[in-house]
**Student:** 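Below: one structure in structure tokens.
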Amino acid sequence: MALVSLRNVSKVYPPASKGAPSVTAIDSVSLDVEAGDIYGIIGYSGAGKSTLVRLVNALEHSTSGEIIVDGQDIAVLSERELRKVRLGIGMIFQQFNLLGSRTVARNVAYPLEVAGHPKEQRTARVAELLDFVGLADKAGSFPDQLSGGQKQRVGIARALATQPSILLADEATSALDPETTHEVLALLKRVNVEFGVTIIVITHEMDVIQTIATKVAVMDQGRVIERGPVFDVFSNPQAAASARFVSTVVKGVPSAAELAVLRERHTGRIVTLAFRDSAVDQTAVFGELSRAGVAFEVVYGGINEIQGRPFGHLTLALSGVDPVIDQVLAHIRTLTTVTEVR
Amino acid sequence: MDALIDLLPELWTATYETLYIVAMTLFFGGLGGLLVGLGLYLTRAGSILENKPLFFVLNLLVNFIRPIPFIIFLAAAQPLARAVTGSGIGNNAIIFTIALAASFAMARIVEQNLLTVTPGVIDAARSVGAGPIRIIFTVLLPEALGPLILGYTFIFVALVDMSAVAGYVGGGGLGNFALLYGYRQFNPIVTWAAVLLIIVLVQFVQFFGNYLARKALRR
Ligand SMILES: Nc1ncnc2c1ncn2[C@@H]1O[C@H](COP(=O)(O)OP(=O)(O)OP(=O)(O)O)[C@@H](O)[C@H]1O
Ligand SMILES: [Mg+2]
């Protein structure tokens, strides 16, 4: 049984004004998030990512469908019962949403106050959490005295205060610079590994998915158009939107325009080789070329490490006589996929 | 000048009465304004206790009462003041009427200050399981405290203004003093003395309000 399971969930917002159409933010989505996953949800602005994640802790109520969290259908719970469920689900936000009137320590203590923990317990837990996120020295600071990265660390500490089993991250790094983004993502990874917290990460940056997610769902216009293990979606995206997201981080096959530019400089034959996983032995492929005496130049592509597995495409410009090239390509085809581009 | 010296005891009594009226109306009107303002904020579309009919009624009431010039409101609300305080004239009646008018004026200010609280922090509180009452006391009011203090400082000046007409319905205070002993006796010095006291009072409160607001905002 998945930890979070959505079955045909829809969310329709009523029309903003009379005569305007209603907005279907989520359109019969089914999704299973297993315990221990870092589940990435990616999509363009307005795809419904925030709405989807807000359904999981019932900040929004679904119009139809089942939302099962830890074996319980939360769609049928009362507001009072939902408050208990929310104690087991942490959430972090793009704009951090810290309480400006409270110190860092009292922000982190807030969920513990809500949960009714006694004072001494709160103090000890807050110290432990601030230590974990590396902000022990900022306990007495106010949020407006912190940098964005520090604020998000406080947000993470607050979200973890009541030891939730699920953490929802809505664009948690979108307001941060690339370096700080990676620090925060590394922290989230530790939360997942050290505490076994299942994380649902919303983002519009494929880089975030590549860095920490184990599974990914691609959303478009309220629907999940593709899902699967991150490696599979990266190495073989099915939907056009998925392919566009993948191409933002993976330099794959040259487009027609790029090819035209390549053609101007390379008059010989051009081939694209796929390197998918360790199943393809690069040494063997290049060994074949040099043994046959075919000179080559890498003109396009790259190899990425996804989930610890190498993946990418390399486009080579070959120089040599045709029969020899044909022969060597026949050998290489036994090792990997070869696409000749003309 | 001699007249003023002779009138000093009356001046102190009048000052005391103004302070009394303003303090009482600040308390009751402030409380009323806080409740109505919270009501407006909480029941508006998309808020945590969304309630369209209630919002509509509150909003209409505030829009209806707020623009009425106070001196007219005072006359119009006299029967109500009589019913509640037992008398249509005197300090209690004027306190009731000012507090009522101030509630609606303050309600808008409270509502607007609460709207400056980013909706995200309310989401954050909800996401850890906080209910509406807790959100009001631990998120909304503390987060909006600085601007709220400035709003109350602002309403204080309006209260002093409104209390000046207390004399019309048999109330006392500096306004009544200025009219009775200054204006009607053709003694501008007496009027100016009352004006000076009001200015000092307002300045002092404004300064104090700014100070508290700065502390709340930590700036
Ligand atoms: N409270 C609301 N009332 C009406 N429509 C809404 C509301 N919240 C979201 N929507 C609509 O639902 C759709 C999905 O919005 P959502 O915020 O979930 O998108 P998103 O994928 O998170 O986008 P972004 O990347 O910009 O945050 C949008 O068309 C949006 O206009
Ligand atoms: Mg969003």
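Below, chain A is the first sequence line, B the second, and so on; all start at residue 1. Quick caveat, the model's predicted, so the values are computed rather than measured.
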**Student:** Using non-hydrogen atoms and a 4.5 Å limit, figure out which bit of A:Ala58 sits close to chain B: side chain, backbone, both or neither.
**Tutor:**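 For A:Ala58, backbone heavy atoms alone lie under 4.5 Å from chain B.
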
**Student:** Counting only heavy atoms from other residues, nucleotides and ligands, does the tally under 6.0 Å from CG of B:Leu8 exceed 12?
**Tutor:**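 Check passes, neighbour count above 12.
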
**Student:** May I ask you to check whether over 12 heavy atoms, not counting those of B:Phe207, lie within 6.0 Å of atom CZ?
**Tutor:**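 Count not over threshold, so no.
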
**Student:** Check whether A:Arg54 gets within reach of chain B through its side chain, its backbone, both or neither, counting any heavy atom under 4.5 Å.
**Tutor:**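 Just its side chain gets close to chain B.
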
**Student:** In Å, rounded to the nearest 0.5 Å, how long is the span from CG of B:Asp123 to CD of A:Glu60?
**Tutor:**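 So the gap between those two atoms works out to 8.0 Å.
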
**Student:** Atom CG in A:Leu87, atom OG in B:Ser127: separation rounded to 0.5 Å?
**Tutor:**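 Rounded to the nearest 0.5 Å, the CG-OG separation comes out at 10.0 Å.
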
**Student:** As an exercise, state the distance from CZ of A:Phe93 to OG1 of B:Thr118, rounded to the nearest 0.5 Å.
**Tutor:**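 Answer for the CZ-OG1 pair, A:Phe93 versus B:Thr118, is 10.5 Å.
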
**Student:** May I have the step-by-step check of side-chain contact (heavy atoms from CB on, under 4.5 Å) for B:Val128 and A:Arg86, ending in yes or no?
**Tutor:** CA-CA 6 Å; B:Val128 300; A:Arg86 290 190 188 120; over 6 Å; no

**Student:** What are the two closest non-hydrogen atoms of B:Val121 and A:Leu98, and how far apart are they?
**Tutor:**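 It is CG1-O, 3.3 Å.
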
**Student:** Which pair of non-hydrogen atoms, one from A:Arg83 and one from B:Pro132, has the smallest distance, and what is that distance?
**Tutor:**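 It is NH2-CD, 3.5 Å.
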
**Student:** Measure A:Ile92 against the heavy atoms of chain B and call it side chain, backbone, both or neither at under 4.5 Å.
**Tutor:**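 Neither part.
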
**Student:** How about A:Phe132: does its CZ atom have over 12 heavy atoms from other parts shown lying under 6.0 Å from it?
**Tutor:**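 Counting other residues, nucleotides and ligands, CZ of A:Phe132 exceeds 12 neighbours.
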
**Student:** Out of curiosity, A:Leu99 CG to B:Thr138 OG1, how far, rounded to the nearest 0.5 Å?
**Tutor:**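 Result: 7.0 Å between the selected atoms.
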
**Student:** Picking from B:Ala45, B:Gly129, B:Gly146, B:Pro119, which has the most non-hydrogen pairs under 4.5 angstrom with chain A?
**Tutor:**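 The option with the most such pairs is B:Gly129.
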
**Student:** For B:Glu143 and A:Ser101, indicate whether the former's side chain and the latter's backbone hold a donor-acceptor pair under 3.5 Å.
**Tutor:**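 Yes, because the side chain of B:Glu143 sits within donor-acceptor range (under 3.5 Å) of the backbone of A:Ser101.
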
**Student:** Taking OH in B:Tyr211 as the centre, count heavy atoms belonging to other residues, nucleotides or ligands within less than 6.0 Å. Is the count above 12?
**Tutor:**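 It does not: B:Tyr211 OH has 12 such atoms or fewer within range.
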
**Student:** Has B:Ile89 got more than 12 heavy atoms of other residues, nucleotides or ligands less than 6.0 Å from its CD1?
**Tutor:**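 Not buried by this count: 12 neighbours or fewer within 6.0 Å.
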
**Student:** If you count heavy atoms of other groups shown closer than 6.0 angstrom to CZ of B:Phe56, is the number above 12?
**Tutor:**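 At most 12 heavy atoms, drawn from other residues, nucleotides or ligands, come within 6.0 Å of this atom.
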
**Student:** OH of B:Tyr20: more than 12 outside heavy atoms within 6.0 angstrom?
**Tutor:**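 Not buried by this count: 12 neighbours or fewer within 6.0 Å.
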
**Student:** At what distance, to the nearest 0.5 angstrom, does CZ of B:Arg126 lie from CE of A:Met91?
**Tutor:**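 Here the interatomic distance stands at 10.0 Å.
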
**Student:** Can you tell me which portion of A:Ile89 sits under 4.5 Å from chain B's heavy atoms? Options are side chain, backbone, both or neither.
**Tutor:**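 For A:Ile89, backbone heavy atoms alone lie under 4.5 Å from chain B.
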
